[in-house]
**Q** 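Here's a structure for you.
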2 protein chains.
Amino acid sequence: MPEPAHVPSADATQQRLLQAAGEVFAEKGYHAATVREICARAGVHNIAAINYYFRDKETLYAETLRFAARSPLYENLTTEWPATAKPAEKLRWFIGLLVEKIVLACRDRPLWHMQLMMRELTQPSPIGERIAQEFIRPVYETLWAILREALPPGLSERKLHLISFSIVGQCMYHRLARHVIRIMVGEDEQATYDAETLTDHITEFSCRALGLDWKRPGPKPGTKRVSTRGGRK
Amino acid sequence: MPEPAHVPSADATQQRLLQAAGEVFAEKGYHAATVREICARAGVHNIAAINYYFRDKETLYAETLRFAARSPLYENLTTEWPATAKPAEKLRWFIGLLVEKIVLACRDRPLWHMQLMMRELTQPSPIGERIAQEFIRPVYETLWAILREALPPGLSERKLHLISFSIVGQCMYHRLARHVIRIMVGEDEQATYDAETLTDHITEFSCRALGLDWKRPGPKPGTKRVSTRGGRK
DNA sequence: GGGCGATTGAAACGGTTGTCTAAAACATTT
DNA sequence: AAATGTTTTAGACAACCGTTTCAATCGCCC
């Protein structure tokens, strides 16, 4: 018998538990999630496994959070720009990254990663507060670097913060309030809010607000170019 | 004896339970909240009181939500405008209302009202889904009316929605992600984000994005006017 | 004052939670 | 084959959850 064939689970049960715990924690939150459901979803017939591999439910949660925080966002966050890159292009790149990796994070990785992080960011628990801090700080520092270059130097740091919150707020709203949006515009229209649509809109809105001139990268002949305001008289 | 003097609780215990339940539900969520803590905070020495006045914990939650939804936002939401009112002024009024009543709702009414509604909007439960719908719809319809008047008529409804989410998203981010903001700028600076500051900034940002000309209402000599971009050459 | 509905009190219920214990099964090495 | 360390299993544990029960108490009208 060449194959070991003792394989109801080829991978370690510890990783299956982590995966299942991530899903349940993301869906129901820390309190509403139960160790029995986590074990059931992991295919582990034993609830003591959680206390065996991890110490508590609490450390399991912390471990799950630490796993979710290791996002591919970081790998893309540092980019070498050509000297000719305009500020508006960098801003569009950042907004696109935020939209793609956070707002619509459902294709390249299990969706519970961002679900869990959003939960921790909007309602931080003492368990994962530090993890959440380390998760978002580089995001904002990247945006601040872009804005400092794009905007006049006399700008106060306070105003810079407010501008960054205006930009990030536009992106995050489509995730944090996605249920509200679904109710307001319907499920069908919300489904058409893909990454490119949102990135284009938010970039255009923000660049106009900041006085940066920006042109849509691809002419995209299919979509009718609709200007929010005609050229000033 | 002119005073009844049987007054460990002058008001009905039912209302004290509703008040206490609102606080606990807002702080910890439905699952993490316990009937014992609600009774303790209400000063009721009996946990059966919840099942006596309300049927379940569930209907207590629904009742609490219904109470919170009766917001003073509605009273202010319909306003008769003078014929000379410019679109930018109406937009500023709407943003100010949103910022004051929702984002910084902590002075004119117990803060748990909006805390609870935000919880229900970001993570709707089957219990209060309908209540949440009726709560937010008039808000958006008011904004849509303002935008339709302010923007050129050729604008698609889809683009109108995206613009409204950009505006509301900026406002709501300061509440939904207030913990993130506190971590990023510090508690001291966040404390300076009062209603006027946020309203001014978001209105200026949005009006610039939409091409609406807007001037700060009061010159406010104390604050240094900082322009996000000099006049175009 | 006696009767009566409304309210409160204390205790207990069955069910579920997270955790622990000890033996069984397994894998690996001696 | 025996021994050893690791993983799984089954079961029980105390603690807590929301709910129920039933008697005690209160306010009020006849």
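Hydrogens, waters and symmetry mates play no part in the numbers below; they use all other heavy atoms, side chains included. In what follows, chains are A, B, ... by sequence order, proteins preceding strands, each numbered from 1.
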**Q** Let me know the distance between CG of Asn51(B) and C1' of dG14(C), rounded to the nearest Å.
**A** 15 Å
**Q** Does Glu189(A) pair with Arg158(B) as a salt bridge, N-O distance under 4.0 Å?
**A** no
**Q** How are the rings of His161(B) and Trp144(B) set relative to one another: parallel (under 30°), tilted (30 to 60°) or perpendicular (over 60°)?
**A** tilted
**Q** Do the side chains of Arg148(B) and Glu141(B) get close enough for a salt bridge, i.e. N-O under 4.0 angstrom?
**A** no
**Q** Answer with base, sugar-phosphate or nothing: what part of the nucleic acid does Tyr52(A) contact at a heavy-atom distance below 4.0 Å?
**A** base
**Q** Over all strands shown, is Phe54(B) touching base, sugar-phosphate only, or nothing at heavy-atom distances under 4.0 angstrom?
**A** nothing
**Q** Figure out the OH/P separation between Tyr61(B) and dC17(D), and round it to whole Å.
**A** 18 Å
**Q** Measure the distance from CZ on Phe25(A) to P on dG18(C) and round it to the nearest whole Å.
**A** 8 Å
**Q** Ala32(A) near the nucleic acid: base, sugar-phosphate alone, or nothing, with a heavy-atom cut-off under 4.0 Å?
**A** nothing
**Q** Calculate the interatomic distance between Glu37(A) atom CD and dT16(C) atom P; express it in whole Å.
**A** 14 Å
**Q** Classify the nucleic acid contact of Ala49(B) as base, sugar-phosphate or nothing, counting any heavy atom under 4.0 Å across all strands shown.
**A** nothing
**Q** With a non-hydrogen cut-off below 4.0 angstrom, is Ile47(B) in contact with a base, only sugar-phosphate, or nothing?
**A** base
**Q** Does the Lys NZ or Arg CZ of Lys57(A) fall within the cation-pi geometry relative to Phe25(A) - under 6.0 Å from the ring centre and within 45° of the axis?
**A** no
**Q** Distance check needed: dT21(D) P versus Ile50(B) CD1, whole Å only.
**A** 18 Å
